[in-house]
Amino acid sequence: MEIKVAPSILSADFGRLNEDIATVDEYADVIHVDVMDGHFVPNITIGAPVVKWIKSKKPLHAHLMIENPEKYVEDFAKAGVERIVVHVEACADVAGVVAQVKELGVEIGVSLKPGTQIAEIKDILNELDEVLVMTVEPGFGGQSFMEDMVPKIRELRELGFEGDIGVDGGIDGDTCKVCIEAGANVMGAGSYIFKAEDRVVAIESLRG
Ligand code: DX5
Ligand code: ZN
């Protein structure tokens with residue numbers, strides 16, 4: 001499977017966001033936009049009114065770390081994102097949210113916190129464009145990769161899941177390898193790319 005690199009703008013300079021995105025845009029496959037509400041995770045970032053103004057030639061994937069995502073998915077669809085990723089833990093009716101997002105004409109992913117098992121989404125796997133396996137507790141950039149999340153990637157492929165498997169948290173030129181080997185194909189990385197001396201070299205080193 002082709003490896004896609006998804007720079008996470010959580011580690012970009014929000015005061016000059018479009019300029020920072022421009023430094024990676026040509027080399028990235030996807031721009032990963034972290035949306036946090038201060039409830040689902042103990043941090044707050046940006047919402048659809050800001051996402052609307054992001055300039056990129058690449059598809060935007062909105063990783064919604066928010067409660068009640070069903071209230072906001074339409075705003076993100078209107079803001080122009082290609083894919084919305086919701087957390088299964090944040091959905092009272094995850095199948096309902098998946099159907100709602102598809103109805104909006106947007107791709108759908110579901111993300112799992114480290115403590116959440118694949119069993120929680122087994123019944124809806126066929127509906128998903130992506131499963132995003134968190135390899136840190138969501139909320140902050142710059143945390144250490146949790147290698148014990150790798151079996152989840154393998155389990156998804158063993159179940160026959162053919163969509164994208166993303167990993168997010170602590171991904172760098174070393175930790176990407178075990179994820180790719182297990183079957184992941186979308187490398188989300190924030191600090192490793194945006195704090196690198198050479199962002200292009202960092203991006204290319206994530207392709208396995
Ligand atoms: C964390 C976010 C990640 C974050 C990863 O909750 O979902 O996308 O930017 O940051 P790094 O790559 O620095 O671990
Ligand atoms: Zn993320």
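In each ligand, atom 1 is the first atom listed, and ligand 1 is the first ligand listed.
Applying the 4.5 Å side-chain rule to ILVMFWY residues, one finds V85, M134, V136 in the same cluster as L132.
Exactly one of R83, R207, K4 qualifies for a salt bridge (Lys or Arg N to Asp or Glu O under 4.0 Å) with D29. That residue is R207. For the side-chain contact (heavy atoms from CB on, under 4.5 Å) with F76, the lone residue among L104, V101, V51, V33 that qualifies is V51.
Heavy-atom minimum distance, V86 versus C91: CG2-SG, 3.9 Å. Scanning all heavy atoms of the two residues, the minimum distance from E89 to T116 falls at OE2-OG1, 2.6 Å.
Ionic pairing of R154 and E181 is present here: one or more N-O contacts between side-chain nitrogen and carboxylate oxygen are shorter than 4.0 angstrom.
Taken from CZ in F161 to CD1 in I153, the straight-line distance is 12.0 Å, to the nearest 0.5 Å.
Residue pairs meeting the side-chain hydrogen bond (donor to acceptor under 3.5 Å, both in side chains) criterion with at least one member in residues 64-80, sequence neighbours excluded, are E74-K78.
Protein N/O/S atoms closer to the Zn ion (ligand 2) than 2.8 Å number 4 in this structure.
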I'd like the atom pairs linking ligand 1 to the protein - N or O on both sides, separation under 3.5 Å - with distances to 0.1 Å.
residue	atom	partner	partner atom	Å
ligand 1	6 (O)	G139	N	2.7
ligand 1	7 (O)	D34	OD1	2.9
ligand 1	7 (O)	H63	ND1	3.3
ligand 1	7 (O)	D168	OD2	2.9
ligand 1	8 (O)	S8	OG	3.3
ligand 1	8 (O)	H32	NE2	3.3
ligand 1	8 (O)	D34	OD1	3.2
ligand 1	8 (O)	D34	OD2	2.8
ligand 1	8 (O)	D168	OD1	2.6
ligand 1	8 (O)	D168	OD2	3.0
ligand 1	9 (O)	S8	OG	2.6
ligand 1	9 (O)	D34	OD2	3.2
ligand 1	12 (O)	G190	N	2.8
ligand 1	13 (O)	G142	N	2.8
ligand 1	13 (O)	S191	N	3.0
ligand 1	13 (O)	S191	OG	2.5
ligand 1	14 (O)	G170	N	2.8

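By the 30° and 60° cut-offs, the orientation of the rings of H63 relative to H32 is perpendicular.
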